[in-house]
Asker: 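Just passing along the structure, written as structure tokens.
Computed from a prediction, not measured in an experiment: that's the story for all the values here. To find a chain, count down the sequence lines: A is the first, B the second, and so on, and within it residues start at 1.
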Amino acid sequence: MAALQPVRGTRDILPDEARQFRHIVDTGRAVCARYGFEEVATPIFEFSEVFRRTLGDTSDIVTKEMYSFTDKGGDDVTLRPEGTAGVARMLISGGLSQNLPLKLFYNGPMFRYERPQKGRFRQFHQIGVELLGVPEPAGDVEAIAMGAAVLDALGVAGNVTLELNTLGNAASRAAYRDVLVAYFTVHADALSEDSRARLARNPLRILDSKEEGDRRIVEGAPDFADSLDAESSEFFAAVRDGLDAVGIAYVLNSRLVRGLDYYCHTAFEFTTDALGAQGTVLAGGRYDGLVEQMGGPHTPGIGWAAGIERLALLAGEAPDAPRPIAVVPVGGDVERDALTLAETLRRAGFMVELGYRGNLSRRLKRANRLRARAALILGPEEVARGAVTLRDLDSGDQEEVALTALTERLSPYR
RNA sequence: GCGGGUGUAGCUCAGUUGGUUAGAGCACUAGAUUGUGGAUCUAGGGGUCGUGGGUUCAAGUCCCAUCACUCGCCCCA
């Protein structure tokens, strides 16, 4: 118990869970491919500056959650806390702004130094997409529809709700921020300690407070809609109209805000109440200013990310493992023949388990535990006749099959 | 970073007001069955009771500390 343990917030992924993870990633990749998205990979660590520049110095991720260290060459590097910054950096480093629009899918581990709890880990895994170079609201609609399609393909669509909001363009957001700060400053004495801190750092976040006292004050706060300029309102209307057109249901949530500074216009989250305190399953939004902020050319973007662990909790049982054929040598000196047979079948594309030790009974028991569909029993008599005994482990039927006819006869078990 | 809960076999757990040698089910190994699996029966292996200290004639049980896990807050996928 007090033996070697993995680092807090990290965990081992055993075969059953690994199969489920693979299923989630494969499903995400396949669904997104239908929208023309191709997989990319960026390094799992970057210069710390990449995240500091994009996430903003005030975000919690930067101030307390980054896994940063100095490497042997003296560089300040950070394990990526999310995927968008790395993709944006890739676009700049590779001069990919010549190839817009870019439609990218990625998956892999992310790292945040947090206290672990249900559905939250220090090393966790995400699938995500980024659509770069598309300023039109159609891009937002496509990204959201693609997220919905992934959740649907994973069978979790029934457990989630799509929440939608707009943060407006930069001008609207700044205007709203001013109005909001003015309002909350008046009521500062009544706000919780956390929210007073937010007032200076990230006032939009107060809207999302869970403190009851804060909520009463939030009730009377100015509405974002009143601060939206014409461009922002029209953009949001176009996104909603597009979602209606493709039949994707959503609820408007004016308190839905983003922790990361580079978001603008569309913000959305697919949420659930089945994961304890972690309600968000798949979330994203538009980030038109990000690439420019990192020193690249102005490049609009929209994307989302989904936590694989959270999807796995919702998706339930992993798909069944593939079922092998068991080669079972028995009696006499046939081990060598069994080895040859197993290898021949593997080269022909079959999944084959070889029984290593014990009597026939024991080896069949083991074949059964491996969920084998069939056993190929090979003893001196079969070897003498150039045949094997094929036993179907589901039905119990068995027959002798000549080696020359074996691959043909086994095709139903492939 | 802050608060609550829980630590007994590989897993799920029982263990009385502190009392002699710490148990069960599942799983595992072997046998009944040296050429027939799933079921059953029998036997067996497996424990520093998370760790360290304290109280006591006596601690799995009570106290303190510590570590881990877990749930929540903050924040977020």
Asker: Could you tell me which nucleotide pairs with C2(B) by Watson-Crick or G-U wobble geometry, both distances under 3.5 Å, or answer none if nothing does?
Answerer: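 Partner of C2(B): G72(B).
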Asker: So what does V281(A) touch, heavy atoms closer than 4.0 Å: a base, only the sugar-phosphate, or nothing?
Answerer: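 Touches sugar-phosphate only.
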Asker: Under 4.0 Å, heavy atoms only, any strand: does I377(A) hit a base, just the sugar-phosphate, or nothing?
Answerer: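 If one applies the 4.0 Å heavy-atom cut-off, I377(A) turns out to touch a base.
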Asker: Quickly, which of L256(A), V251(A), L252(A) forms a side chain to side chain contact (heavy atoms under 4.5 Å, CB included) with N165(A)? Name it, please.
Answerer: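 Going through the options one by one, the only one that passes is L256(A).
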Asker: Nearest of G72(B), A77(B), U36(B) to any side-chain atom of R115(A)?
Answerer: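 Nearest listed nucleotide: G72(B).
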Asker: When the distance from CZ of R371(A) to C1' of G37(B) is rounded to whole Å, what number comes out?
Answerer: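 From R371(A) CZ to G37(B) C1': 15 Å.
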Asker: Just how far, in rounded Å, is C1' of C75(B) from CE of M66(A)?
Answerer: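 Result: 15 Å.
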Asker: Is A367(A) touching bases, backbone alone, or none of the nucleic acid, heavy atoms closer than 4.0 Å?
Answerer: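 Since no nucleic acid heavy atom lies under 4.0 Å of A367(A), the category is nothing.
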Asker: Taking the basic N atoms (NZ, or NE/NH1/NH2) and the acidic carboxylate oxygens, is any pair closer than 4.0 Å for E335(A) and R363(A)?
Answerer: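 Looking at R363(A) together with E335(A), the answer is yes, because their closest N to O distance falls below 4.0 Å.
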Asker: How many Å lie between CG on D12(A) and P on C69(B), as a whole number?
Answerer: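 To the nearest whole Å, that distance equals 12 Å.
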Asker: To the nearest Å, give me how far apart NZ (K118(A)) and P (C69(B)) are.
Answerer: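 Value for this atom pair: 17 Å.
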Asker: If you look at every strand shown and take non-hydrogen atoms under 4.0 Å, does G396(A) touch a base, only sugar-phosphate, or nothing?
Answerer: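 Base contact - G396(A) has a heavy atom under 4.0 Å of at least one base atom.
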Asker: Looking at every non-hydrogen atom in both residues, tell me the closest pair between G119(A) and L313(A) and how far apart they are.
Answerer: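 So the minimum-distance heavy-atom pair works out to CA-CD1, 4.1 Å.
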Asker: Base, sugar-phosphate alone, or nothing: which one does F270(A) contact when heavy atoms must sit under 4.0 Å apart?
Answerer: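 Nothing: the residue F270(A), judged by heavy atoms under 4.0 Å, touches no strand.
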Asker: Hey, does R369(A) reach any base, or is it just sugar-phosphate, or nothing, if we go heavy atoms under 4.0 Å?
Answerer: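 Sugar-phosphate, backbone atoms only, no base.
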Asker: Reading RNA chain B from 5' onward, which residue's closest nucleotide shows up sooner: E309(A) or R8(A)?
Answerer: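 So the residue in question is R8(A).
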Asker: Within the pair Q117(A) and G72(B), is there a side-chain N or O less than 4.0 Å away from OP1 or OP2?
Answerer: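 Yes.
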Asker: What are the two closest non-hydrogen atoms of A306(A) and L311(A), and how far apart are they?
Answerer: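 The answer is CB-CD1, 3.9 Å.
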Asker: Please state whether the phosphate of U29(B), meaning OP1 or OP2, lies under 4.0 angstrom from any side-chain nitrogen or oxygen of R362(A).
Answerer: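 R362(A) to U29(B) OP1/OP2: no side-chain N or O under 4.0 Å.
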Asker: Output the rounded distance in Å from CG (L376(A)) to C1' (G37(B)).
Answerer: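 Taking CG of L376(A) and C1' of G37(B), I get 14 Å after rounding.
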Asker: Show your reasoning for whether side chain to side chain contact (heavy atoms under 4.5 Å, CB included) applies to F69(A) and L79(A).
Answerer: CA-CA 9 Å; F69(A) 56 96; L79(A) 266 32; 3.7 Å; yes
Asker: I need the CG-P distance between L151(A) and A77(B), as an integer number of Å.
Answerer: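 Whole-Å distance recorded here is 15 Å.
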Asker: Pick out which of L162(A), V239(A), T161(A) makes a side chain to side chain contact (heavy atoms under 4.5 Å, CB included) with Y250(A).
Answerer: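 Only match with Y250(A) under side chain to side chain contact (heavy atoms under 4.5 Å, CB included): L162(A).
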Asker: Rounded to whole angstrom units, what separation is found between the CG atom of L370(A) and the P atom of G38(B)?
Answerer: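 Atom-to-atom, L370(A) to G38(B), this comes out as 14 Å.
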Asker: Taking OP1 and OP2 of U36(B), is either one under 4.0 Å from a side-chain nitrogen or oxygen of S361(A)?
Answerer: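 For U36(B), OP1/OP2 do not have a side-chain N/O of S361(A) under 4.0 Å.
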Asker: For E269(A), answer base if it contacts any base atom (sugar-phosphate contacts may also be present), sugar-phosphate if it contacts only those atoms, and nothing otherwise; contact means non-hydrogen atoms under 4.0 Å.
Answerer: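 Result for E269(A) = nothing.
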Asker: Reading RNA chain B from 5' onward, which residue's closest nucleotide shows up sooner: P6(A) or I308(A)?
Answerer: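 Result: P6(A).
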Asker: Whole Å only: how far is the CZ atom of F124(A) from the C1' atom of C75(B)?
Answerer: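 About 12 Å, once rounded to whole Å.
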Asker: Can you tell which of A77(B), C74(B), G37(B) lies closest to the side chain of R120(A)?
Answerer: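 Between A77(B), C74(B), G37(B), the one nearest the side chain of R120(A) would be C74(B).
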